[in-house]
Amino acid sequence: MYTIGVIRSEKYRQFYAIVSQIPEGQVATYGQVAALAGHPGQARQVGYALNCLTDEFDIPWQRVVNAKGQVSARAKPIFEEIQKQILESEGIIFDHNDRIELSKYQWKPGDC
DNA sequence: GCAGTGACTAGTA
DNA sequence: ATACTAGCCACTG
């Protein structure tokens with residue numbers, strides 16, 4: 001179990017920095033976060049890094065979804081529900097397949 | 001150090 | 001549309 005205070009890798013902090021910039025009502029994909037952090041192709045590490053942020057950090061981990069626009073399955077299924085619930089409260093709509101339209105909600109850096 | 005695992009992705013069939 | 005593959009790299013046993 002790691003916390004943001006003991007993450008050894010500078011790379012992880014970059015991931016967190018990017019994720020924390022995602023505005024409310026928008027989402028980013030794992031690959032996008034990795035690329036913006038300067039580490040393209042390392043989407044898996046993004047997921048791994050976010051796994052340590054389950055709570056009490058000012059990082060909107062719930063705004064990160066996979067390339068299909070779905071909430072990725074993880075160890076504790078309960079969090080998938082929590083994530084969807086939070087996103088819906090931010091105005092994001094899930095369709096009948098528990099998917100969201102990335103073309104509509106995907107975050108674009110600098111898109112103020 | 002090696003092999004397996006994983007909140008992933010892009011490509012191919 | 002689904003299924004499989006290679007590439008990615010930190011973590012774990």
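Chain A is the first sequence line, chain B the second, and so forth, proteins listed ahead of strands; every chain is numbered from 1.
Residue A/K11 places no side-chain N or O under 4.0 Å from the OP1 or OP2 atom of C/dC9.
Nucleotides of DNA chain B with any atom under 4.0 Å from a heavy atom of chain A span, from 5' to 3', B/dG6 to B/dT9.
The side-chain hydrogen bond (donor to acceptor under 3.5 Å, both in side chains) test applied to A/S89 returns no partner, not counting sequence neighbours. With sequence neighbours excluded, no residue forms a side-chain hydrogen bond (donor to acceptor under 3.5 Å, both in side chains) with A/Q62. With sequence neighbours left out, the side chain to side chain contact (heavy atoms under 4.5 Å, CB included) criterion links A/A35 to A/P40. Applying the salt bridge (charged side-chain N to carboxylate O under 4.0 Å, His left out) rule to A/K84 yields the partners A/E81, A/D98; only residues at least two apart in sequence or on another chain are considered. Judged as a side chain to side chain contact (heavy atoms under 4.5 Å, CB included), and not counting sequence neighbours, the contacts of A/K108 are A/D111. Not a single salt bridge (charged side-chain N to carboxylate O under 4.0 Å, His left out) links A/E88 to another residue, sequence neighbours left out.
Contacts between residues 25-35 of chain A and DNA chain B, defined by a heavy-atom separation below 4.0 Å, involve A/T29, A/Y30, A/G31, listed by number. For residues 80-97 of chain A, proximity to DNA chain C is found at no residue, defined as any non-hydrogen atom under 4.0 angstrom from a strand atom.
As rounded to the nearest Å, B/dA7 and C/dG13 have P atoms that lie 16 Å from one another.
With contacts defined as side-chain heavy-atom distances shorter than 4.5 Å, the pair A/F94/A/L87 qualifies. The shortest side-chain heavy-atom distance between A/V46 and A/H39 does not fall under the 4.5 Å cut-off.
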Distances for protein N/O vs nucleotides 2-8 of chain C N/O pairs under 3.5 angstrom?
unit_1	atom_1	unit_2	atom_2	d
C/dG7	O6	A/R44	NH1	3.3

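Using bins of under 30°, 30° to 60° and over 60° for the plane-to-plane angle, the ring pair A/Y12/A/Y16 lands in the perpendicular bin.
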Do any side-chain atoms of residues 25-34 of chain A form donor-acceptor pairs under 3.5 angstrom with protein atoms, and if so which ones, sequence neighbours left out?
unit_1	atom_1	unit_2	atom_2	d
A/T29	OG1	A/Q32	N	3.1
A/Q32	OE1	A/T29	N	3.3
A/Q32	OE1	A/Q106	NE2	3.0
A/Q32	NE2	A/W107	O	2.6

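Separation of atoms OH (A/Y105) and CD1 (A/I92) is listed at 6.5 Å; rounding is to 0.5 Å. Here A/C52 contributes atom SG and A/F57 contributes atom CZ; the two are 8.5 Å apart, rounded to the nearest 0.5 Å.
Residue pairs meeting the salt bridge (Lys or Arg N to Asp or Glu O under 4.0 Å) criterion with at least one member in residues 60-69 of chain A, sequence neighbours excluded: A/R63-A/E90.
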